[in-house]
Amino acid sequence: MQFFDTHAHIGLIYDDPAEQYRVIQQAKQAGVTRIISINNSLYDFKKEYTVLKPLEGIYHAVGVGPSEVANPGNHWVETIEECINLPKVVALGETGLDYYKQYGDKKSQIELFIAQLELAQKHEKPVIIHNRNAGKDIFDILTDRLPDKGAIFHCYSEDAEYAKKCLDANMNVYFSFAGNLTYRNARNLHETVMNIPLDRILIETESPFMIPAEFREKKRTMPAYLPSTARFLAEMLEMDLEELAAQLWKNSCTIFNLPEA
């Protein structure tokens with residue numbers, strides 16, 4: 001049985017490469033054999049890509065998050081294009097909108113988001129979407145600009161109705177759930193996973209954030225904790241864990257265009 005962590009900020013868990021290698025080895029021992037490494041800035045991407053590139057099972061996304069709207073760099077479009085087709089780069093992201101933190105202004109965030117959707121379309125990559133208090137604008141934008149290779153709502157935070165609306169619009173989107181799925185009060189997430197097709201569900205750790213309930217005494221989430229979220233999801237769906245893990249693996253490989261074996 002193997003698991004695919006579709007979203008982990010490995011460089012935020014530890015800055016030291018030796019510690020990062022240790023985290024990844026612990027993940028593999030727990031059955032987490034593939035991880036998508038995520039960064040919010042292009043500087044961090046370049047640093048982490050260099051450190052993690054040699055490691056088997058580690059893949060990358062490159063993009064600019066909404067937190068970078070005020071400081072994306074002078075040539076961020078060119079930099080993304082330089083990096084997006086590097087070996088093991090399988091997605092653009094994370095990118096999106098964050099109206100909770102109110103980075104810059106909405107117009108600038110939207111422009112940054114749309115520009116990256118266009119890059120994803122051009123380079124035939126799926127997009128990893130950050131959405132915080134911006135569901136309506138993201139839906140409206142994706143209605144016209146969703147890349148052909150699809151998108152992932154990472155650390156899904158909307159409700160079942162929103163997910164249904166996306167699927168009813170025939171959007172090629174997946175919904176990724178993090179450790180907060182295991183919280184008793186996460187009723188909107190529980191309702192969502194019970195009402196969307198199994199073949200559109202992914203799981204992630206969002207390391208070092210969103211610690212699963214089982215590990216709440218820990219200071220940070222690790223990719224090795226991903227099976228805890230999978231077990232919770234299997235119980236909710238009344239599925240055998242091994243059967244669920246196989247489906248989640250297949251879903252992850254499909255959206256990231258990776259071989260299953």
Atom pair NZ (K122) and CG (L92), whose distance is rounded to the nearest 0.5 Å: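 That separation rounds to 12.0 Å.
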Relative to the ring of H60, is the ring of F45 parallel (under 30°), tilted (30 to 60°) or perpendicular (over 60°)? perpendicular
Cation-pi geometry met for R34 and F256 (6.0 Å, 45°): no
Given the ring of F139, does K165 sit roughly above its face, with NZ or CZ under 6.0 Å from the centre of the six-membered ring and within 45° of the axis? yes
Is the side chain of [X] donor-acceptor paired with the backbone N or O of [Y] at a distance under 3.5 Å, no angle test?
{"X": "Y156", "Y": "D159", "answer": "yes"}
{"X": "Q116", "Y": "L112", "answer": "yes"}
{"X": "E204", "Y": "C155", "answer": "yes"}

Can you tell whether the side chains of E56 and K28 come within less than 4.0 Å, N to carboxylate O? no
Looking at E19 and R22, is there a salt bridge between them, counting it only when a charged N and a carboxylate O are closer than 4.0 Å? yes
Walk me through it: do R145 and E118 pass the test salt bridge (charged side-chain N to carboxylate O under 4.0 Å, His left out)? CA-CA 7 Å; R145 299 178 182 272; E118 292 173 349; 3.0 Å; yes
Minimum heavy-atom distance P147-A120, with the two atoms named: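 Shortest heavy-atom separation between P147 and A120 comes out as CG-CB, 3.8 Å.
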Proximity of H190 and F232 rings by center, below 6.0 Å: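 Yes, close enough.
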